[in-house]
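To start, the structure under review is shown below, and the notes come after it.
Note: hydrogens, waters and symmetry copies are ignored here, and every other heavy atom, side chains too, is used. Since the model is a prediction, treat every value here as computed from it, not as a measurement. Within every chain, numbering begins at 1; the chains are lettered A, B, ... in the order of the sequence lines, protein sequences first and strands thereafter.
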Amino acid sequence: MSNIISEIQAATVEVVNDLYSAKLDLAKVNVSATRKDMEGDYTIVVFPFTKMAGKKPEEVGEELGAKLVEAHPHISGYNVIKGFLNLSVADDYWLSVLGDIAADADFGKNEKKEDTVVVEFSSPNTNKPLHLGHIRNILLGWSVSKILQADGYEVKKVQIVNDRGIAICRSMLAWQKFGNGETPESTGMKGDHFVGKYYVKFASEFSKEYEAWQSTPAADEAFENREKKYQALDKTAFIKEYKNDYFNTHSALGAEAKAMLIAWEAEDPEVRALWKKMNGWVLSGFDQTYKTLGVDFTKLYFESDTYLLGKDMIADGLAKNILTQEDKRVMIDLENIGLATKTIIKSDGTSTYTSQDLGTAQLRWDDFAAKKMIYVVGDEQIAHFQGVFEILKRMKAPYADGLFHLAYGMVDLPTGRMKSREGTVVDADDLVNEVKSLARTNLTERGELEVLTAEEKEDIVHRIALGALKYYILKVNPTRRMVFNPEESLDMQGDTGPYIQNAYVRIQSILRKANPDGAALTYSYPSLAPVEKNLIMLLSSYPSVIASAAAKYDPSEVAAFCYALGKTFHKFYHDMSIMKAESEDAKNFRIVLATTVGKVLAKGMDLVGIEMPERM
RNA sequence: GGUCCCAUAGUUCAACUGGAUAGAAUGUCAGAUUUCGGCUCUGAAGGUUGGGGGUUCGAAUCCUCCUGGGAUCACCA
């Protein structure tokens, strides 16, 4: 399908080169939608051509406009204001565009690309439940995957489950010591919450232990012999800072947890069995949450399988003098990109996060031969990924140029509300349940859905609630830090998911009456009202919205598009009568327009992971 | 302290990557509609784009200095 903007660009290049015997670069031609308050559909900025033309902007605009109307069949008129040339596009062109879009079931699916893309997201630890930060991560990863797919890529959605290490040992130890054999089944708790409870239990027991220790001679001794990084501190400040070191030095619980980790690494059967059991609980809990959020993965990687990977690569890097070694410790100097030396293998010979990342990158390459790999990880890890990518570049990994860290900003809460005393963040499941219960209340209050079964109602509640939540998070540019206001996220008016869903529901309701069989309708050329033209222009921009969102890994562009389309439809619905249209042609045209808007709305919202209800 | 990121109506976010008079939503105020409320609709007010300087036809956007906030600077993940 032709794209009017690129047509105008190409025509402009031709005309300018012809008029001023210049060699204009296509990229220099700025074509954008004309401002609402001006006449015209598209605007060309003519300032860049004034130099080569040697004329004033107004003159250039006039010359260009006249030539373009002459040369291009779809351009029906123009006007010039200052250095801006506004072009009008003929109605019959827009009608044919609508016809094309209506007939194209795959509209918005861009040209197939050769590359496969791996998108890594979620990647939780298996010692506690998912929270608000994970939700942003998961929604982003899911949406970016969908958008890349629509843009023509083959996409593999993966996560790396951080299922080993000291954190899970804490939960395990706490359960072993204080659990009295209770299980998710016996307590009726969701598995991840159950294990999380023991993670918290460990933390509180450890704090108690630490507090008791503070008044012992050992604590004074530790303070006297403190390392230089603590030198400036007084005793109180020292105690505050020392907690982590205490875990590794004096703590009995810390020693037990570490012993458990060592036993795990030595594949002690008892520890492994406990670990398997507890991880199983957590993972089944995660599965439920993923299901609620409507996401799934192509493949899961487990850190327990991959944490030893990367050794071959490291040996290779050492052989090529890319990495350096001091006893067992392996590292790399990253000064050229302004980073500190990065340790890849610790001096005790054990692996690091970095060595794992190297190994998993290679493993994914072996699995999928993907030249692009997107890591959806918080922006606090920007420096880490810069380092990892630099290492892979120096090692000349074949996928090194396609690595991208989609670094999203933290989710803040307004003034500490909903933040519990321990600084625990908002739990993912609690949040979803809260949004759902609000949506349920709203829906039953309006009482419009009495005809439906309870099951159908619950399905609608689910779609609306998740629509609200997902849209609220995804409409913000990922790189930005955002404020999550729980009340606003439940809002259904204004720039929200349900507002857009409502446009779709309206369309479906009209169609049930106006064209119940979905018959193919014909109509002959009515003249377009401004809203109608706006709708078609918006529809026609959808493929380029996808391309742009895919290039920037930015779902917020798709969200903004859906909002604009929904809003314009609401206005259309308000201004134009469909059932009582002035003629049969107009009626048929508007039915086709509404049908097409509905179709594209559903497609667009699907890319941000939102399902459309048929009624609400 | 070094490096990186951010700062836009009261608030939450936009602004097609340098284009026209910086836009939405929400909140506030006024009005319409309605069976009260809600929903819906119309309108108004709300901005020196943190501050100064520079680059040019043109700056929220690029450069520079300053102010304020955040992240990071582990042989943690």
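A distance cut-off of 5.5 Å between ring centres, combined with a plane angle under 30°, places A:F47 in a stacking arrangement with the base of B:G19.
Under the Watson-Crick and G-U wobble criteria, each requiring two contacts below 3.5 Å, nucleotide B:G43 is paired to B:C29. The partner of B:C4 is B:G70, by the rule that a Watson-Crick or G-U pair needs both atom distances under 3.5 Å. B:G23 is paired with B:C13 under the Watson-Crick or G-U wobble criterion, all donor-acceptor distances under 3.5 Å. Base-pair partner of B:U34: not found among the strands shown (Watson-Crick or G-U wobble, both distances under 3.5 Å).
Contacts of residues 339-352 of chain A with RNA chain B (heavy atom under 4.0 Å): A:T343, A:K346, A:S347, A:T352.
The nearest whole Å value for the distance from the CZ atom in A:F385 to the C1' atom in B:C73 is 17 Å. Distance A:D412 CG to B:G70 C1': 9 Å, rounded to the nearest Å. Atom-to-atom, CZ of A:R506 to C1' of B:C39 comes out at 11 Å; the value is rounded to the nearest Å.
In this structure, A:E39 places its CD atom where only 12 or fewer heavy-atom neighbours from other residues, nucleotides or ligands lie under 6.0 Å away.
Taking atom P on both B:U34 and B:U28, the two are 23 Å apart, rounded to the nearest angstrom. A distance of about 42 Å separates the P atoms of B:G27 and B:U64, rounded to the whole Å.
A:R481 has a carboxylate O that lies under 4.0 Å from a charged side-chain N of A:D412, or vice versa, which qualifies the two as a salt bridge. Residues A:E557 and A:K552 are paired through a salt bridge, judged by an N-O separation under 4.0 Å between the basic side chain and the carboxylate. Looking at A:E390 and A:K342, no side-chain N of the basic residue comes within less than 4.0 Å of a carboxylate O on the acidic one, giving no salt bridge. Using a cutoff of 4.0 Å between basic side-chain nitrogens and carboxylate oxygens, A:D192 and A:K128 are not scored as salt-bridged.
Within 4.0 Å (heavy atoms only), A:Y563 reaches sugar-phosphate atoms of the nucleic acid but no base atom. Residue A:M410 is classed as having no contact, given no heavy-atom separation below 4.0 Å to the nucleic acid. Residue A:P48 is in base contact, counting any heavy-atom pair closer than 4.0 Å across all strands shown. Contacts of A:Q386 with the nucleic acid, taken as non-hydrogen atoms under 4.0 Å apart, are absent. Across all strands shown, A:N86 has heavy atoms under 4.0 Å from base atoms, whether or not it also approaches the sugar-phosphate.
Along RNA chain B, the nucleotide closest to A:V45 and the one closest to A:T496 are compared, and the more 5′ of them pairs with A:V45. Ranked by how close their nearest RNA chain B nucleotide is to the 5' end, A:T43 and A:T354 are led by A:T43.
At least one cation-pi condition fails for A:R136 and A:Y408: the charged atom is not both under 6.0 angstrom from the six-membered ring centre and inside a 45 degree cone around its axis.
At least one side-chain nitrogen or oxygen of A:K36 sits closer than 4.0 Å to the OP1 or OP2 atom of B:A24. A:R35 has a side-chain polar atom (N or O) that falls below the 4.0 Å cut-off from OP1 or OP2 of B:G23. OP1 or OP2 of B:A14 has at least one side-chain nitrogen or oxygen of A:R480 nearer than 4.0 Å. Under 4.0 angstrom from either OP1 or OP2 of B:C75 there lies at least one side-chain N or O belonging to A:R329. The shortest distance between the side-chain N/O atoms of A:K571 and the OP1/OP2 oxygens of B:U40 is not below 4.0 Å.
Side chain A:N477 to base B:A15: no donor-acceptor pair is found below 3.5 Å.
Aromatic ring centres of A:F238 and A:Y242: separated by under 6.0 Å.
When every heavy atom of A:T343 is checked against every heavy atom of A:M331, the shortest pair comes out as CA-CB, 4.1 Å.
B:U49 takes the anti form, because its glycosidic angle lies more than 90° either side of 0.
Counting only heavy atoms from C-beta on, A:V483 has its side chain closest to B:U12 among B:U12, B:U40, B:A77.
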